[in-house]
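Heavy-atom basis, side chains included; hydrogens, waters and symmetry copies ignored. For clarity, every value in this text was computed on a predicted model and none was experimentally measured.
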Amino acid sequence: MMERDSSDEEEDHENLISQNARPNDVVKSPTNHTRRSALRIDGGGRLSGAARGFNKRYLLAILLPMVILILYFTTDLKSLFQMRIPTIKDIGGNSPLNRMRESELRALYLLKQQELQLLKMWNYTTLQNQSNSSSVNNSNSFDEDLKSRVFSQISLNKQIQGILLSSHESEGFPDLNENNTDASLSGWNMCGKVDQKLSERRTIEWKPRSNKYLLAICVSGQMSNHLICLEKHMFFAALLNRVLVIPSSKVDFPFHRVLDIETINKCLGRKVVVTFEEFAEIKKNHLHIDKFMCYFSLPQPCFMDDDHLKKLKGLGLSLGKIETVWKEDVKKPNQRKVDDVTAKFSSDDDVIAVGDVFFADVEREWVMQPGGPIAHKCKTLIEPSRLILLTAHRFIQTFLGKDFIALHFRRHGFLKFCNAKQPSCFFPVPQAAECINRVVERANTPVVYLSTDAAASETGLLQSLVVWNGKTVPLVQRPARNLAEKWDALLYRHGLEGDSQVEAMLDKTICALSSVFIGSSGSTFTEDILRIRKDWGSASVCDEYLCQGELPNFIAEDE
């Protein structure tokens with residue numbers, strides 16, 4: 001940095017004064033000696049006034065050139081009159097070094113002028129946006145893209161200035177690197193939050209008949225799939241005016257360990273969901289599914305195998321005939337409307353079950369909007385439990401701080417899965433690191449939270465390659481249990497320690513709270529994080545899939 005504080009300047013002035021003092025002392029010394037010599041000539045005889053005046057002028061004529069020579073050789077006159085200007089005087093000849101330094105300073109001057117012009121463009125764009133804020137048009141995305149490009153150029157300009165200034169930091173040149181290009185320019189953040197346009201949200205009221213139930217059946221994939229499936233079942237239950245029965249942990253994942261079931265009812269202000277245990281208590285004299293309907297018919301009805309049927313019967317449930325309402329393939333689902341669902345799944349029976357709807361494509365834009373399609377007074381209906389949310393807050397406060405990037409780096413089993421897709425979504429670690437570095441630069445954040453199932457060999461290589469401004473960016477993972485750390489005490493106090501589903505939901509929660517999120521394309525774990533970020537209003541304009549828009553620079557051949 002070229003900027004120097006006042007104490008340094010005072011020290012420089014003190015040095016200059018001390019240097020000037022030495023020549024003055026030299027001047028005084030001969031003068032004093034001259035005064036003493038002029039008083040006595042030839043053994044102390046006194047001279048007349050005229051003779052004394054003549055001798056003084058004679059001595060002065062002899063000593064003055066000597067004084068000038070002494071001053072010339074002992075005083076750095078250049079330091080007395082030097083002005084701090086951004087040029088290099090070629091005193092010692094037109095050397096290549098001086099010419100190079102002169103060119104550097106001229107480049108700095110031109111870069112500064114360029115920066116000022118870019119800032120004018122920036123301010124003009126900001127003023128235009130403010131003046132047009134009252135009108136709704138399609139230029140918002142263009143304006144944001146323009147601002148992003150201008151900001152990138154300003155940042156590049158500042159980097160070049162910094163590199164050029166680095167060789168002149170100790171030479172007292174003026175501060176051309178004054179910080180005018182902070183990421184908060186004119187109140188704008190390059191990775192700001194997405195405007196979810198909640199005022200345009202389209203919703204449906206969920207007012208179930210108290211004695212009509214819908215059993216949710218979710219069988220495909222892992223917990224993330226089941227949470228998305230459960231959310232779609234809520235939409236079906238709202239359309240059919242039924243209370244939704246949360247699946248039992250004996251046939252599905254233990255939802256009660258990661259979700260606050262009762263919070264869903266509070267968000268609606270009425271009883272809209274019950275646990276299977278509550279349902280079984282209500283129907284203890286007649287635990288029966290009156291009608292079992294399948295949304296998907298292929299590759300098999302309800303996308304369900306015999307093992308799941310046995311588990312359902314093991315709960316004491318008696319099942320009616322399983323029927324498919326239409327021909328629907330999970331690999332090629334048709335786009336459906338509300339009327340399609342109500343026409344095919346409406347029934348007067350007290351208890352119905354609907355097969356897995358994870359792959360269902362019903363009113364996509366409506367269902368995918370922030371907060372979901374159902375009217376409620378919370379941010380979202382399917383979200384982490386309060387205990388998990390508080391634990392995530394404590395982890396962030398301990399290890400990450402307010403501004404951090406979250407990265408879901410899916411690797412286990414993903415190589416074969418991605419290479420079966422067109423295009424592939426499995427990237428070599430060095431290429432992935434380059435993509436992460438670009439996001440880190442845009443987001444201007446010092447740390448990355450890493451949620452991954454990758455081996456240490458991959459994460460170690462990734463860590464060595466994630467670099468910003470010449471420094472390694474730490475990739476933080478949740479550490480193993482340590483009694484000295486208290487950030488996870490709530491989970492252990494409530495018996496949730498060591499639960500893989502709880503830990504997965506904790507990872508999702510931390511990622512959902514990040515400033516910027518980088519996900520793995522094709523992963524439902526990533527999709528569920530994106531859903532929560534959208535519903536919570538934490539989604540950033542810089543959120544993206546890893547190496548989005550790129551192809552892997554190397555793809556292995558098929559088996």
Side-chain angles (χ1 to χ4, degrees), residues 218-229 253 258 299 303 330-333 356 358-359 368 404-440 448-466 473-478 499-512 514 516-534 539-540 542-559:
C218 298
V219 296
S220 61
Q222 298 301 312
M223 173 66 94
S224 297
N225 298 48
H226 287 228
L227 290 173
I228 295 171
C229 171
F253 292 107
V258 297
F303 202 56
V330 295
K331 294 181 179 179
K332 296 179 180 180
D356 197 309
F358 169 74
F359 294 101
M368 295 298 291
F404 68 97
I405 294 173
L407 167 64
H408 175 223
F409 192 52
R410 172 73 187 274
R411 302 299 274 185
H412 181 70
F414 222 45
L415 176 58
K416 184 175 181 180
F417 169 81
C418 281
N419 282 358
K421 298 177 64 177
Q422 292 295 331
S424 175
C425 52
F426 191 89
F427 295 89
V429 171
Q431 184 179 359
E434 290 180 5
C435 298
I436 297 166
N437 287 337
R438 289 197 293 269
V439 178
V440 169
V448 174
Y449 177 68
L450 177 61
S451 172
T452 186
D453 55 5
S457 56
E458 291 185 71
T459 57
L461 176 59
L462 184 68
Q463 174 63 91
S464 67
L465 296 174
V466 178
V473 178
L475 303 181
V476 179
Q477 294 181 265
R478 283 186 299 105
D499 187 317
S500 61
Q501 301 307 326
V502 171
E503 291 180 350
M505 183 61 85
L506 178 58
D507 257 16
K508 284 185 184 179
T509 308
I510 296 170
C511 291
S514 63
V516 175
F517 174 64
I518 306 171
S520 293
S521 176
S523 167
T524 53
F525 191 92
T526 282
E527 295 305 318
D528 204 32
I529 292 170
L530 292 173
R531 174 190 66 83
I532 298 173
R533 288 177 65 79
K534 174 187 62 184
S540 165
C542 292
D543 287 357
E544 63 178 48
Y545 296 112
L546 181 65
C547 296
Q548 185 169 311
E550 296 185 26
L551 295 175
N553 58 31
F554 186 88
I555 300 177
E557 295 181 358
D558 294 333
E559 296 179 12

(request) Return the minimal non-hydrogen interatomic distance between Leu465 and Pro430, and the atom names on each side. (result) CD1-CA, 3.7 Å

(request) List the atom of Ser523, the atom of His408, and the distance in Å for their closest heavy-atom pair. (result)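 Heavy atoms of Ser523 and His408 come nearest at OG-CE1, 3.1 Å.
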
Taking [Y]'s backbone N and O only, do any of them form a donor-acceptor pair with [X]'s side chain (distance below 3.5 Å, no angle check)?
X	Y	result
Asp543	Phe517	yes
Ser514	Cys511	yes
His226	Ser220	yes

(request) Considering only NZ, NE, NH1 and NH2 on the basic side and carboxylate oxygens on the acidic side, decide whether Lys508 and Glu503 come within less than 4.0 Å. (result)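 No, this pair does not count.
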
(message) Does atom NZ (Lys421) have a neighbourhood of more than 12 heavy atoms from anything else shown, all under 6.0 Å?
(response) yes

If you define the side chain from C-beta out and look only at heavy atoms, does anything of [X] sit under 4.5 Å from [Y]?
X	Y	result
Pro428	Asn553	yes
Thr524	Asp528	no
Glu458	Leu462	no

(request) List the steps and the verdict of side chain to side chain contact (heavy atoms under 4.5 Å, CB included) for Phe417 and Phe426. (result) CA-CA 9 Å; Phe417 169 81; Phe426 191 89; over 6 Å; no

(message) Parallel, tilted or perpendicular, judged at 30° and 60°: which one describes the rings of Tyr449 and Phe404?
(response)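 Perpendicular, since the angle between the ring planes exceeds 60°.
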
